[in-house]
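Just so you know, these numbers come straight off a predicted model, no measurement behind them.
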Amino acid sequence: PVAKEAEARRESMMLRRQQQGQAPVETPAPYFFGAGSSHCEDARGKLKLGKESFPGWREAKVRVQKIMQLRSGGKPVPENELRLLLDVFRLHPNATKKRIDEVTSVTVGSSEKYKNTPAFWLWRSDGTSEDISANKCWNRFDLVDKKEKKNEAQRDIIMDGKRFHGSLLSWHFEKGKSYGFIRVEAKMVDDDGRHLLDAGQKLYLAWDDISPGVKVMKAPEWPFPKGTTLSFKIFRWKGNNKLGCQDAMLAE
């Protein structure tokens, strides 16, 4: 069932890209993660994996560690845990080579490289299998945490991190940078009624400011199709008072 759902999502993504005049690709769409979840983070900022939600990636990591501790003997993990794990494994830096969408079951065994070290094993529909490092799946979240700490010294978050909405207008790749612009849906004012932005105004969105749970595709692909409605926080640069977006994700 999981493999069929993944294939259906792939076909849906390719159809949308054709309608937008973009070339089809073979990789999964960045705005879809494992079976049962439309994306890895919801509009409230909670991390959604399978059918479970977590306050953050560290709590999700603990959940995955507990699954590894509880499951042994080569028996496949239950369906609900399989869905969760597949969403986690799609965050692996080599997820495409691991052929995650072909995985039909997951077991806990010994690492192929480090004997006597527990590891998750992927079992595919064609009978092939290999182990996978769950720790590598969390690297992008760890990097984002470090970058956010650096940004805290340079940015002021508007309205205590209230989330706003807008649509992706464009995306660009140049001089090693990957960035886009979001068109604001409605006029924005702060808690004191002071003007922030007009409806239709553009906001800058850097690749690094996309929520890590939805960062999959890279140049020359857009992170989301043009016109996608996104949820995001707004910050103000302390140096020049310009506004920008951060923690951008799909809006519910």
Side-chain angles (χ1 to χ4, degrees), residues 1-11 13 25-37 39-41 47-54 56-147 210-219 221 223:
V2 172
K4 289 182 179 179
E5 290 177 11
E7 181 63 27
R9 289 196 301 278
R10 250 195 323 267
E11 292 179 357
M13 179 272 291
V25 295
E26 294 300 324
T27 51
Y31 37 93
F32 284 108
F33 278 72
S37 65
H39 46 82
C40 263
E41 294 196 40
L47 184 65
K48 187 177 181 183
L49 299 165
K51 293 187 177 181
E52 299 183 37
S53 293
F54 304 89
W57 70 271
R58 297 182 189 279
E59 290 80 2
K61 183 178 180 180
V62 171
R63 170 75 168 109
V64 171
Q65 290 172 336
K66 287 183 178 179
I67 293 175
M68 178 175 285
Q69 293 168 0
L70 291 171
R71 309 300 173 190
S72 61
K75 294 182 179 180
V77 302
E79 182 72 13
N80 65 312
E81 293 179 359
L82 173 63
R83 291 170 179 264
L84 185 155
L85 291 174
L86 290 182
D87 273 354
V88 172
F89 297 155
R90 284 189 174 88
L91 300 172
H92 193 281
N94 294 321
T96 301
K97 291 183 179 179
K98 294 286 186 180
R99 296 158 54 196
I100 303 300
D101 283 338
E102 298 176 39
V103 173
T104 57
S105 65
V106 172
T107 61
V108 176
S110 295
S111 169
E112 191 171 19
K113 186 175 182 180
Y114 305 102
K115 300 301 181 183
N116 300 320
T117 299
F120 288 110
W121 277 80
L122 310 175
W123 298 87
R124 306 185 187 92
S125 54
D126 63 0
T128 59
S129 65
E130 66 177 302
D131 62 354
I132 185 170
S133 169
N135 285 332
K136 290 183 179 180
C137 300
W138 307 112
N139 286 348
R140 71 176 63 190
F141 291 96
D142 188 38
L143 290 173
V144 168
D145 279 357
K146 292 177 181 177
K147 186 171 183 63
I210 296 175
S211 185
V214 293
K215 289 170 69 172
V216 176
M217 301 182 76
K218 300 180 180 180
E221 305 296 338

pair Val88-Lys61: side-chain heavy atoms closer than 4.5 Å: no
Per the side chain to side chain contact (heavy atoms under 4.5 Å, CB included) rule, which among Leu84, Asn80, Leu85, Leu86 passes with Leu82? Leu86
Let me check something: any side-chain donor-acceptor pairs from residues 64-78 under 3.5 Å, sequence neighbours excluded? List them with distances.
residue, atom, partner, partner atom, Å
Arg71, NE, Glu81, OE1, 3.0
Arg71, NH2, Glu81, OE2, 2.8

Are Glu59 and Arg63 close enough, and set up right, to give a salt bridge (Lys or Arg N to Asp or Glu O under 4.0 Å), and what steps lead you there? CA-CA 6 Å; Glu59 290 80 2; Arg63 170 75 168 109; over 6 Å; no
So ring-ring contact (aromatic ring centres under 6.0 Å, His included) across residues 64-116, not counting sequence neighbours, yields Phe89-Phe120
If you look only at pairs with a residue in residues 121-132, which of them pass as a salt bridge (charged side-chain N to carboxylate O under 4.0 Å, His left out), with sequence neighbours excluded? Lys98-Glu130, Arg99-Asp126, Arg124-Glu130
For Ser129, what residues pass the side-chain contact (heavy atoms from CB on, under 4.5 Å) criterion, not counting sequence neighbours? Trp121, Trp123
Please report the closest heavy-atom contact between Leu91 and Cys137, naming both atoms and the distance. CB-O, 3.5 Å
Restricting to pairs with a member in residues 108-123, which pass salt bridge (charged side-chain N to carboxylate O under 4.0 Å, His left out), not counting sequence neighbours? none
Please find the pair of heavy atoms, one from Val106 and one from Leu122, that lie closest to each other, and give the distance. CG2-CD2, 4.2 Å
